[in-house]
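For reference, positions follow the sequence shown, starting with 1.
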Amino acid sequence: MSTSTVSTPSPPTTPQRRILDLDALRSFALFGILIVNIGYFASGYAFHEVQDPAFPSLIDKGAHWFVTMFFETKFYLLFSFLFGYSFTLQLDSAERKGADFTWRFLRRLAGLFVIGALHAVLLFQGDILTTYALLGLVLLAMRRVKARTALITAAVLVGLVVIQFRWLALSGMAPFDADAARAAGSQTTAALAGSPLTVIAEHVQALPHMAVALVGMQGPVALAAFLVGLAAGRHRALADVSVHDRALRLIQWIGFPVGLTGSLMLADMGGTSDLYALSMVILTGPFLSAAYAATLLRFFQRERGQRLAAALAPAGRMALSNYLGQSLVCGIIFTGLGFGLVGQVAPRYVLLIAVAIYLLQLWASARWMAAHTYGPVEWVLRAVTNLERPTWHTADATTATTAPLARPDGPAEGTRPGAGASASGRDGSCGVG
């Protein structure tokens with residue numbers, strides 16, 4: 001039997017390689033965000049920066065230390081960097097098409113804000129989408145700045161936040177009362193274990209506190225990461241990662257020791273309740289986030305790394321849907337929206353649940369993106385952005401963009417399963433990154 005007609009998947013082209021790497025990084029960031037956020041569903045004490053006294057064992061304290069050391073304050077920075085980088089791809093895409101980018105992006109931000117507000121009230125008061133939507137206005141206003149200006153502005157923002165927390169620590173104006181925090185944690189846990197109405201009421205009650213935290217720390221630092229992503233996008237730093245291998249190695253050599261030093265201080269000094277440790281991790285956290293990204297990007301260039309990237313990428317292509325899905329699943333497991341297990345599951349098992357949720361998302365995302373052009377929430381956001389009904393199934397998109405000729409079975413030329421154009425708009429963007 002002749003084998004001349006057998007279709008063999010071709011390696012991804014450079015643009016597809018770039019999009020695949022971006023989507024895989026988003027997926028990795030989703031995992032880190034889930035590891036951190038699930039703790040806020042599993043116990044009401046996390047919101048008040050103390051450990052749940054119901055789990056005093058060494059192994060559970062070790063689980064908390066592990067999350068603080070390697071995950072906390074790291075992965076939203078990576079997500080934010082990718083938002084800034086993808087912004088430049090969206091901007092270039094609009095310019096190539098001659099489209100009005102400003103109004104399209106404003107509609108996108110408005111849709112993102114509404115989705116985030118609903119997320120904050122109904123599922124998780126620690127929502128980041130509303131912050132992204134507001135900071136996106138600043139990014140839009142700064143879209144023409146030079147890369148150097150963007151990097152200087154980012155450094156100034158981080159420096160100001162570090163100075164703020166150092167001043168608060170030295171002045172004693174923000175003392176931490178552990179007993180009061182534990183009492184508040186008990187009340188929050190009870191509210192989250194109640195009916196859906198008490199869960200929503202707790203979310204609404206916590207919003208002013210979350211807003212202060214966002215304005216005082218997470219917002220400016222996320223904006224700094226946006227601007228670093230903008231600068232990287234200006235130079236197309238991820239267009240061909242192999243060209244920058246030496247720079248990526250340097251990022252690893254500097255980022256890991258600097259970043260882990262700050263993280264060790266945060267983990268050993270009690271977490272974010274210690275303002276000195278918090279100021280240090282704000283300063284050093286970006287180094288560790290960059291080292292994580294550099295390590296993955298270098299690994300993605302190898303054969304085994306390409307297989308990993310292909311497995312991760314579908315979840316990153318529908319990052320907005322997966323981010324909201326994480327909150328929905330965690331809310332059902334831990335709060336009164338479902339089983340109400342808040343305060344009943346030890347931290348070691350909470351971590352295992354997070355891993356299981358992420359693996360389930362990888363499997364579900366691969367199946368969904370094999371048949372659909374966009375994630376479900378991405379589809380809605382794209383409809384709002386473009387004021388049109390996007391294609392739903394991949395077959396519809398293929399029919400709309402190809403001539404009515406018979407096509408051979410198997411992947412399209414220049415693609416492989418999971419390595420096609422990004423379903424987040426074919427511009428490397430998605431709703432949250």
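Across every non-hydrogen atom of Leu135 and Ala222, the tightest pair is CD1-CB, 3.9 Å.
By the neighbour-count criterion of 12 heavy atoms within 6.0 Å, atom CD1 of Ile59 is sparsely surrounded, having that number or fewer from other residues, nucleotides or ligands.
Taking the six-membered ring where the residue is Trp, Trp379 and Trp392 present perpendicular rings, their angle passing 60° and hence far from 30°. A tilted orientation is assigned to the rings of Tyr323 and Phe79, their planes being inclined by 30° to 60°. Between Phe101 and Phe105, the angle of the ring planes stays under 30°, which puts this pair in the parallel group of the 30/60° scheme.
Judged as a side-chain hydrogen bond (donor to acceptor under 3.5 Å, both in side chains), and not counting sequence neighbours, Thr131 has no contacts. For Phe28, the side-chain contact (heavy atoms from CB on, under 4.5 Å) partners two or more places apart in sequence, or in a different chain, are Phe75, Leu78, Tyr292, Leu296. A search for side-chain hydrogen bond (donor to acceptor under 3.5 Å, both in side chains) contacts involving Thr261 returns nothing, not counting sequence neighbours. The side-chain hydrogen bond (donor to acceptor under 3.5 Å, both in side chains) check on Thr272 picks up Glu49, with sequence neighbours excluded. Every side-chain contact (heavy atoms from CB on, under 4.5 Å) that Ala46 has, sequence neighbours left out, goes to Tyr40. Taking the side-chain hydrogen bond (donor to acceptor under 3.5 Å, both in side chains) definition, one finds that Arg166 meets it with nothing, sequence neighbours left out. Partners of Val380 by side-chain contact (heavy atoms from CB on, under 4.5 Å), not counting sequence neighbours: none found.
Side chains of Tyr76 and Ser289: a donor-acceptor N/O pair is absent below 3.5 angstrom, by distance only.
Applying the salt bridge (Lys or Arg N to Asp or Glu O under 4.0 Å) test to every pair with at least one member in residues 54-63, sequence neighbours left out, gives these pairs: Asp60-Arg348. Identified under the salt bridge (Lys or Arg N to Asp or Glu O under 4.0 Å) test for residues 200-214, with sequence neighbours left out: none. Applying the salt bridge (Lys or Arg N to Asp or Glu O under 4.0 Å) test to every pair with at least one member in residues 276-298, sequence neighbours left out, gives these pairs: Asp245-Arg298. Annotation: side chain to side chain donor-acceptor pair (under 3.5 Å) contacts involving residues 177-186, sequence neighbours excluded, comprise Asp179-Arg182.
Between His64 and Phe55, the gap from one ring centroid to the other reaches at least 6.0 Å.
Here the rule is ring pair (Phe, Tyr, Trp, His ring centres under 6.0 Å) with Phe226, and of Phe81, Phe83, Phe87 only Phe83 fits it. Of the residues Val156, Val161, Leu160, Val162, the one that meets the side-chain contact (heavy atoms from CB on, under 4.5 Å) test with Val158 is Val162.
Within the model, atoms CD1 of Ile33 and CD1 of Ile35 stand 11.5 Å from one another, a figure rounded to the nearest 0.5 Å.
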Show me the donor-acceptor pairs within less than 3.5 Å that the side chains of residues 189-199 make with the rest of the protein, sequence neighbours left out.
{"from": "Thr189", "atom 1": "OG1", "to": "Gly44", "atom 2": "N", "distance (Å)": "3.0"}
{"from": "Thr189", "atom 1": "OG1", "to": "Gly185", "atom 2": "O", "distance (Å)": "2.9"}
{"from": "Ser195", "atom 1": "OG", "to": "Leu197", "atom 2": "N", "distance (Å)": "3.4"}
{"from": "Ser195", "atom 1": "OG", "to": "Thr198", "atom 2": "N", "distance (Å)": "3.4"}
{"from": "Thr198", "atom 1": "OG1", "to": "Ala191", "atom 2": "O", "distance (Å)": "3.1"}
{"from": "Thr198", "atom 1": "OG1", "to": "Ser195", "atom 2": "N", "distance (Å)": "3.0"}
{"from": "Thr198", "atom 1": "OG1", "to": "Ser195", "atom 2": "O", "distance (Å)": "2.8"}

